[in-house]
Amino acid sequence: MQNGLEDVIAAETQLSDVDGEAGRLIIRGVSLDHLVAGGTYEGVAALLLDELTERSFDEALLRTWLAEARARVFIHIEAADAALFALPPVDAMRALIARLPDGEDFDTAIALLAAPAVFLPAILRLQIGEKPIAPDASLSQAADILRMLTGRLPTIEQTAALDTYLVTISDHGLNASTFASRVIASTQAGLTSSVLAALSALKGPLHGGAPGPVLDMLDAVATPENAGRWLADALDRGERLMGFGHRIYRVRDPRADALKGALKPLIASGQVDSVRGELAEAVEAAALAILKACKPNRPLDVNVEFYTALLLEALGFPRQAFTGVFAIGRTVGWLAHAREQALDGRLIRPRSVYIGPLPAAA
């Protein structure tokens, strides 16, 4: 028995492999560094869903179908009430996704890929008193998300940056939310049920809630010169340094480098405050030095959350929405795992060890 199922193998998958010792992520046979080199959300979605639904398709077809699906799911925004939109963004997303049919077919999968991308920008606009913006079927998923959020067509650099983020977090082994998706799929419930279960797991602060606090940490540090002292004091207080350390990776999280690379064109073109970037790099360098000195036997390096925070902030997402943006990208992984489980797996039913009191002897 392993409490927390640490290192317990619970599934065979062809979808992704996380090598924590080497710091490598492979998605459907393609390494992350190759995927993010000009890759798009539609491309990684086609890669992950290939052969797992009743339809054959490529990236171009998927882009068309996904654009059409964004227009269809927008009606749920128009039909929802004000009480729903007063909920925190992830809770409002979950409530809207629950309105979708709970099928197991391709149309359900496409609707579920489109829905978070439409729902989150609309929720965020309504919460600041702005009208939601209907989708534009001529745009890619990443470009349309940013347009529906800001009301402006994004730049090439902004679209590429969001595409990189969505590709980077599309799938990542048997994490808590993905396992939740597979458990629900193993009962032969529908794909919507699997996504809702996964989203509920993701909203927990131990899984998808850390990117926002990274920005809180940067705000508190304030200047590069203050980084070393502030971080050392935080460790002395027993606090975690947000954006460092990972359950699986013993070395640097490869996703961190992908997202750091996606920020560079935005900084170079003046679309991101360079001072913010300099602060982040100073905090990263100081944190790595302090962690190495204070915890020499614990491998603690930069994880995906550190540069996720910088990237999503640069693209205009408020920090309370970061988990929702994560869900936009990870839904394709949840769906692929749900389909893989439904096609090849069986009901997931582990055992527990009873440690409670025994009945009195007769």
Side-chain angles (χ1 to χ4, degrees), residues 9-18 25-30 32 35 39-70 72-73 93-94 97-117 141 166-202 207-208 326-350:
I9 296 172
E12 290 184 332
T13 182
Q14 298 183 32
L15 298 173
S16 62
D17 179 54
V18 182
L25 172 61
I26 297 171
I27 296 178
R28 265 293 175 86
V30 185
L32 178 63
L35 276 177
T40 65
Y41 172 78
E42 289 86 352
V44 78
L47 179 68
L48 279 165
L49 292 174
D50 185 38
E51 300 179 354
L52 293 176
T53 71
E54 71 274 17
R55 293 195 196 179
S56 298
F57 54 89
D58 58 15
E59 179 178 347
L61 275 174
L62 186 64
R63 173 171 167 155
T64 298
W65 292 336
L66 196 53
E68 293 169 352
R70 289 197 302 274
R72 289 196 301 273
V73 300
M93 278 179 63
R94 185 172 56 180
I97 291 169
R99 298 170 61 97
L100 300 180
D102 200 11
E104 296 188 39
D105 59 353
F106 179 80
D107 289 341
T108 300
I110 292 299
L112 287 164
L113 289 181
Q141 179 106 319
L166 297 175
V167 168
T168 297
I169 52 90
S170 60
D171 197 44
H172 198 250
L174 204 58
N175 54 81
S177 58
T178 297
F179 186 54
S181 176
R182 292 191 77 119
V183 169
I184 299 305
S186 80
T187 71
Q188 297 185 358
L191 291 173
T192 302
S193 292
S194 287
V195 168
L196 290 170
L199 182 57
S200 297
L202 181 69
H207 186 16
F326 191 113
I328 293 173
R330 182 57 60 84
T331 296
V332 67
W334 295 336
L335 289 169
H337 278 270
R339 289 297 301 153
E340 187 179 60
Q341 181 68 37
L343 291 172
D344 301 321
R346 56 183 301 189
L347 178 67
I348 295 174
R349 202 327 188 165

Practice task
Indicate whether any N or O donor in one side chain lies under 3.5 Å from an N or O acceptor in the other, for S200 and R94.
Solution key: yes
Exercise for the section: Flag yes if more than 12 heavy atoms outside I9 fall under 6.0 Å of its CD1 atom; otherwise flag no. Expected result: no
Handout entry: Separation of L61 CG from L66 CG (nearest 0.5 Å)
Key = 12.0 Å
Problem - Check: T178 side chain, L174 main-chain N or O, donor-acceptor pair, under 3.5 Å - result: no
Handout entry: Shortest non-hydrogen contact from I184 toward T187
Key = O-OG1, 2.7 Å
Problem - Inter-residue atom distance E51.CD - R28.CZ, 0.5 Å rounding - result: 6.0 Å
Exercise for the section: Evaluate whether atom CD of E54 has more than 12 neighbouring non-hydrogen atoms of other residues, nucleotides or ligands under 6.0 angstrom away. Expected result: yes
Exercise for the section: Please tell me if the side chains of S186 and R346 come closer than 4.5 Å, counting only heavy atoms from C-beta onward. Expected result: no
Handout entry: S181 side chain to W334 backbone, donor-acceptor under 3.5 Å
Key = yes
Exercise for the section: Describe, in one word, how the ring planes of W65 and F57 are oriented to each other, choosing from parallel (under 30°), tilted (30 to 60°) and perpendicular (over 60°). Expected result: perpendicular
Fill in the blank from the handout: So CD of E104 and OG of S194: to nearest 0.5 Å the spacing works out to 8.0 Å
Problem - Expected output: side-chain R63 to main-chain E42 donor-acceptor under 3.5 Å - result: no
Exercise for the section: Report yes if the side chains of L25 and D17 come closer than 4.5 Å at any heavy-atom pair, otherwise no. Expected result: no
Problem - Closest contact, heavy atoms only, L15 versus T13 - result: N-OG1, 3.0 Å
Exercise for the section: May I ask you to test the V44-L166 pair for a side-chain heavy-atom distance under 4.5 Å? Expected result: no
Practice task
Could you tell me the separation between the CD atom of E59 and the CG atom of L47, rounded to the nearest 0.5 Å?
Solution key: 10.0 Å
Exercise for the section: Would you confirm whether T53, through its side chain, and F106, through its main-chain N or O, come within 3.5 Å as a donor-acceptor pair? Expected result: no
Problem - Heavy-atom check, side chain of R99 versus side chain of V73, under 4.5 Å - result: no
Handout entry: Heavy-atom closest pair, residues L62 and A45
Key = CD2-CB, 3.5 Å
Handout entry: Non-hydrogen side-chain atoms of I26 and V30 separated by less than 4.5 Å
Key = no
Problem - Check: F179 main-chain N/O paired with H337 side-chain donor or acceptor under 3.5 Å - result: no
Practice task
Assess whether atom CD of E68 is packed by more than 12 heavy atoms of other residues, nucleotides or ligands within 6.0 Å.
Solution key: yes
Fill in the blank from the handout: Nearest heavy-atom approach of D171 to S16 is OD2-OG, 2.6 Å
Practice task
Search all heavy atoms of L196 against all heavy atoms of I97 and return the closest pair with its distance.
Solution key: CD2-CG2, 3.7 Å
Completion exercise
dist F326:CZ -> L199:CG (nearest 0.5 Å) comes out at 11.0 Å
Completion exercise
Output for pair (L52 CG, E340 CD), nearest 0.5 Å, gives 6.5 Å
Problem - Ionic contact status for R55 with D50, cut-off 4.0 Å - result: no
Handout entry: Least distance between heavy atoms, R330 atom then S170 atom
Key = CD-O, 3.5 Å
Exercise for the section: Indicate whether the side chain of Q141 and that of R70 have a donor and an acceptor atom separated by less than 3.5 Å. Expected result: yes
Practice task
Could you tell me whether the side chain of L335 reaches within less than 4.5 Å of the side chain of T108, counting heavy atoms only?
Solution key: no
Exercise for the section: Would you indicate whether the side-chain heavy atoms of T168 and L32 approach each other to under 4.5 Å? Expected result: yes
